[in-house]
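Here the structure is a predicted model, which is why all the values come from computation and not from measurement. In what follows, chains are A, B, ... by sequence order, proteins preceding strands, each numbered from 1.
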2 protein chains.
Amino acid sequence: MANIIDVAQKAGVSIATVSRVVNNSRHKVNQATKEKVLAAIKELDYRPNALAKGLLMKKTMTAGIIIPDISNPYYAEIVRGIQDIADVHGYGIMLLNTDRNKERIIKHILFLREKSADGIIFSGGTIDEEEVLSALGELKERVVVIGRHNVDFPVIAIDNVGGASKATKHLIDLGHRRIGYISGPNNSTTAKERFEGYKTALTQAGYRVDRTLIKNGDLTPSSGYLIAKELIYEKKATAIFTANDQMAIGAIRAAKDLGLRIPEDVAIVGFDNIPITSFIDPPLTTIEIPMYQVGIAAMEMLVNIISEKNSERMRWFSTNLIIRGSTENGKKNS
Amino acid sequence: MANIIDVAQKAGVSIATVSRVVNNSRHKVNQATKEKVLAAIKELDYRPNALAKGLLMKKTMTAGIIIPDISNPYYAEIVRGIQDIADVHGYGIMLLNTDRNKERIIKHILFLREKSADGIIFSGGTIDEEEVLSALGELKERVVVIGRHNVDFPVIAIDNVGGASKATKHLIDLGHRRIGYISGPNNSTTAKERFEGYKTALTQAGYRVDRTLIKNGDLTPSSGYLIAKELIYEKKATAIFTANDQMAIGAIRAAKDLGLRIPEDVAIVGFDNIPITSFIDPPLTTIEIPMYQVGIAAMEMLVNIISEKNSERMRWFSTNLIIRGSTENGKKNS
DNA sequence: CTTTAGAAGGTAAACCTTTACCATAAAATT
DNA sequence: AATTTTATGGTAAAGGTTTACCTTCTAAAG
């Protein structure tokens, strides 16, 4: 790969001049000279080396995204939003999956630091622990966290509590008393917040929280399926609220396999509103999160932080109850 | 961020010694010295700067992934496989979405080249065009392509033709004669290959291909829904084969909304076997691709290529017909 | 006692950029 | 005519590594 010296030689100028042409510097370059340089660049297929540039400028135009699992559509959608904005601003994205594992989180942070990433978008798993915080080092000032709000970072907050509360209240209003909750893994703060909302709604309606109706899943359809079967068959739940849509889809299947009608015998509510929810049968009542918009907001916030534009340190996304056939008859779609 | 000089000073040694300790060099370092250095590193929270290292070594431990759209579960699953292997080998991944747009493909390739990526995994969209090829430059030797085989690169090939042919034959065997095909965008070579398989099966069975039964979708559930409605209602298709599962899910919804029974009135077959397919109603008959394994194979191949281990330049994944309720009654799941 | 080998450490070049600082000449100002 | 600007170009330092090559010293070998 040709370098700036090759170009300078071919064009018969100094490397400074080449650099000026390449970067459209304010330092003037004679038009004729510029054309010579451009010709040389083209002929040699020269591209400035971003490593050298990054090393010198202390700016790499690279951001890291640390998430639990890209194969989860919720994160995939967010990442898409992030990317599209990154693209606009000329940033590249390093994607890292953690499965919410603390060692991996730390390892990935360190990795991004070595690579001189300009910033990090973090979502899922815990970031506010001593070890993680210290791994962050100087990057601590350039982090955007998605989905938490009780954390000392700029944040894209999602109203998980409110959403879960709406979902649960909806089920209560439909007359359900035995409402099961299928949560996520223990280290999913999102699932915990949603659990909060579930409890809030029950408590406010004057019911108590029955621990036997609460189980942890792992956010996959199969875990939703297995746990839903148990909750419905053994615990006699008449309604199930799940921490995400995938598990709700598993729960629907479980109810059907038990020979029950939805929503007449069992009502089911998911969370996230991933694209297929309106196409399954019955269409899934769920809580909508504008995931793509969340991604966009996160990357925009990060870009602002990096370029030291003063930006708000908190962006709040509210959630929306979308009622479909899995809780109410007659509502076939939306 | 502390650098190697700071460490050397604090430990009272030369930078060469620090480097030797950090990289566990074969050049011996006295144990006592080593400990002094390690202590200094810890105290200063030193991390070697990957940019400087990459610049010097011409190796960045970074690979690019160029795909159409991460929010498509098919790619998300593949990317997860890629990542897991990348992780094992200490590689970082730069993810780039193209929407199959040629300009974006080229832009992303150039971007990766400037960043001195060690290699590229490419999937979706066209890579074998003059412009793209020339953008690749020296990276041309370090590309793995997923999902194509008629291309002059190391390749993870997927038997799309065979799979589509199995799917179509399955429908033919069930007695269907008016089998619609919902394809992908025109620049999706995968969708084209699947179309080939569809034609092959029809031809081999002695039927002719009816152009009016073939439409392009955009791989989303809603496009599947819309086109399926048209094919079923206007073109009187009794079976529909789609280029991916998402569109098949849309097609199922369409059939139901038309008041038709599946599979009695309309049979539907998808492609990919994404996780939810077995949970929808009826469970979707589809062609299984081991997406995660494909990702793994791709990254392993790339690692081999980069480290100049001689590796096969072609890995072939066959596809599997999974028969579920959307084509055969009695088969509720699998 | 002399020579040789090995252990341990250091020096400096190379990787590729950007840009502050200089230098020169021509044009504009006084 | 003398002085200041402006246009244009070059030189060299800095950014943080790795490693070939050197140096010094001690221990083994002859």
Given atom [atom1] of [X] and atom [atom2] of [N], what is their separation to the nearest angstrom?
X        : N      : atom1 : atom2 : result
B:Glu35  : C:dA8  : CD    : C1'   : 16 Å
A:Leu44  : C:dC16 : CG    : P     : 14 Å
B:Lys115 : C:dT17 : NZ    : P     : 14 Å

Strictly below 4.0 Å, N to O, side chains only: are [X] and [Y] in salt-bridge contact?
X        : Y        : result
A:Asp128 : A:Arg148 : yes
B:Asp152 : B:Lys140 : no
A:Asp118 : A:Lys58  : no
A:Asp45  : B:Arg113 : yes

Give every residue pair that meets the side chain to side chain donor-acceptor pair (under 3.5 Å) criterion with at least one member in residues 290-309 of chain A, sequence neighbours excluded.
->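 Side chain to side chain donor-acceptor pair (under 3.5 Å) check on residues 290-309 of chain A returns A:Asp84-A:Tyr292.
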Inspect the surroundings of NZ in A:Lys10 and state if more than 12 heavy atoms from other residues, nucleotides or ligands are less than 6.0 Å away.
-> no
Are the side chains of B:Lys115 and B:Thr60 in touch, meaning some heavy atoms are under 4.5 Å apart?
->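 No, side chains not in contact.
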State, with a plain yes or no, whether a side-chain heavy atom of B:Ser116 is found less than 4.5 Å away from one of A:Asn49.
-> yes
Quick tally for nucleotides 9-22 of chain D: nucleotides whose base has a protein heavy atom under 4.0 Å get B, sugar-phosphate-only ones S, the rest -, giving BBBB-BBBBBBBB-
Give me the bend of the helix from C:dC1-D:dG30 to C:dT30-D:dA1, using the axes of the five pairs at each end, rounded to 10°.
->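 Between the first-five-pair axis and the last-five-pair axis there is 50°.
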